[in-house]
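Notes follow the structure.
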Amino acid sequence: MARRFAAFLYEGVLLFGVVFFAGFLYSVLTRQQHALQGRTGLGVSLFIVLGFYFVGFWTRSGQTLAMKTWHLRVTDTAGQPLGWVRALLRYLLSWLWFLPALISVWALGLHGGGAIIGSLLAGIAGYLLIARLHPQRQFLHDAICGSRVITQLPARS
């Protein structure tokens, strides 16, 4: 579980660059003049870019860059690489990490950065707890879509 969480944190660092570049490209292509202009379009664009990132890596090698670093691989329950449909379903369901917290922030009308970050951290902690309670220590999105994350250490020479 610690290896997966470390990969999750490292993925966040790597995705900062992906999101920054995609956001910059969006603002140039749409001639965005103000940060709040086109927020919905930017959000949809980033959702699609992140989908291509994850689904592309998961179907090609079973590993994102962070997963390679931490020697993790995503497979189906039979140990085979994910197909496009299962990888896309996994991507969509992986938003369960954040969705309850984001909905609560919206429903409660929270606007302060501390309240939003606190809600997100509580949601992530709850999601980790659910994985601890699963018999195979799987995250909810993996259990639902029939995928799993395995540790694949390199062979020693």
Side-chain angles (χ1 to χ4, degrees), residues 2-76 80-128 131 138-142 144-152 154:
R3 182 181 297 271
R4 286 190 226 173
F5 191 65
F8 173 78
L9 292 176
Y10 184 41
E11 197 78 70
V13 172
L14 294 173
L15 288 177
F16 176 81
V18 172
V19 168
F20 179 83
F21 180 74
F24 175 74
L25 188 61
Y26 177 85
S27 68
V28 168
L29 292 175
T30 61
R31 298 175 191 237
Q32 187 176 13
Q33 298 293 318
H34 187 275
L36 297 179
Q37 173 189 351
R39 273 183 22 187
T40 302
L42 175 62
V44 169
S45 298
L46 292 177
F47 182 79
I48 291 169
V49 166
L50 291 174
F52 276 115
Y53 172 86
F54 284 111
V55 171
F57 275 113
W58 291 337
T59 55
R60 189 169 3 137
S61 65
Q63 298 174 296
T64 61
L65 299 174
M67 293 172 82
K68 285 181 184 183
T69 302
W70 288 96
H71 307 294
L72 298 171
R73 179 178 305 279
V74 65
T75 66
D76 66 12
Q80 299 299 312
L82 297 184
W84 283 98
V85 172
R86 191 177 308 261
L88 181 60
L89 180 61
R90 185 176 195 266
Y91 170 69
L92 295 173
L93 290 173
S94 70
W95 283 94
L96 291 172
W97 274 95
F98 308 106
L99 202 55
L102 294 175
I103 290 171
S104 69
V105 164
W106 172 78
L108 296 172
L110 301 177
H111 299 290
I116 293 170
I117 290 172
S119 180
L120 285 170
L121 290 176
I124 290 170
Y127 203 77
L128 288 170
Q138 284 193 315
F139 291 115
L140 185 59
H141 60 276
D142 284 319
I144 293 171
C145 75
S147 61
R148 63 185 181 143
V149 177
I150 60 171
T151 301
Q152 192 171 38

Item to complete: Only counting residues at least two apart or in another chain, list the ones meeting salt bridge (charged side-chain N to carboxylate O under 4.0 Å, His left out) with R148.
Response: none
Item to complete: Check whether any side-chain heavy atom of F57 sits under 4.5 Å from a side-chain heavy atom of M67, and report yes or no.
Response: no
Response to the item:
Across all chains, not counting sequence neighbours, the salt bridge (charged side-chain N to carboxylate O under 4.0 Å, His left out) partners of D76 are none
Practice prompt. Apply side-chain contact (heavy atoms from CB on, under 4.5 Å) to R3 and list each qualifying residue two or more places apart in sequence or on a separate chain.
Written response: W70, H71, L72, T151, L153
Discussion item. Considering only residues two or more places apart or on different chains, which pairs with a residue in residues 88-104 satisfy salt bridge (Lys or Arg N to Asp or Glu O under 4.0 Å)?
Written reply: R90-D142
Worksheet, complete the sentence: Sorted by chain and number, sequence neighbours left out, side chain to side chain donor-acceptor pair (under 3.5 Å) with R73 holds for Q63, Q152
Worksheet entry | Pairs satisfying salt bridge (Lys or Arg N to Asp or Glu O under 4.0 Å), at least one member in residues 23-49, at least two apart | none
Practice prompt. With sequence neighbours left out, write down each residue that passes ring pair (Phe, Tyr, Trp, His ring centres under 6.0 Å) with F8, or none if nothing qualifies.
Written response: F5, W97
Worksheet item: What are the two closest non-hydrogen atoms of A131 and F139, and how far apart are they?
Response: CB-CD2, 3.4 Å
Fill in: Heavy-atom closest contact (A87 atom, L82 atom, distance)
CA-CD1, 4.1 Å
Worksheet entry | C145 versus L89, closest heavy-atom pair with distance | CB-CD2, 3.5 Å
Worksheet item: Of all heavy-atom pairs between G23 and L46, which one has the smallest distance, and what is that distance?
Response: N-CD2, 4.1 Å
Worksheet entry | W106 vs L102 side-chain heavy atoms within contact, under 4.5 Å | no
Discussion item. Return the CZ to CG distance between F52 and L88, rounded to the nearest 0.5 Å.
Written reply: 9.5 Å
Worksheet item: How would you list, by chain and number, every residue that makes a ring pair (Phe, Tyr, Trp, His ring centres under 6.0 Å) with F47, sequence neighbours excluded?
Response: Y91, W95
Worksheet item: Among all residues two or more places apart in sequence or in another chain, which pass the side-chain contact (heavy atoms from CB on, under 4.5 Å) test with T69?
Response: Y10
For a quick test of your reading: what N or O donor-acceptor pairs under 3.5 Å do the side chains of residues 12-22 make, sequence neighbours left out?
none

Item to complete: Look at the side chain of Q138 and the backbone N and O of I144, then say whether any donor-acceptor pair between them is shorter than 3.5 Å.
Response: no
Residues 117-128 side chain polar contacts: donor-acceptor under 3.5 Å, at least two apart:
from, atom 1, to, atom 2, distance (Å)
S119, OG, A101, O, 3.4
S119, OG, S104, OG, 3.1
Y127, OH, H141, N, 3.0
Y127, OH, H141, ND1, 2.8

Worksheet item: Could you give all pairs that pass the side chain to side chain donor-acceptor pair (under 3.5 Å) test and reach residues 46-59, with sequence neighbours left out?
Response: E11-Y53
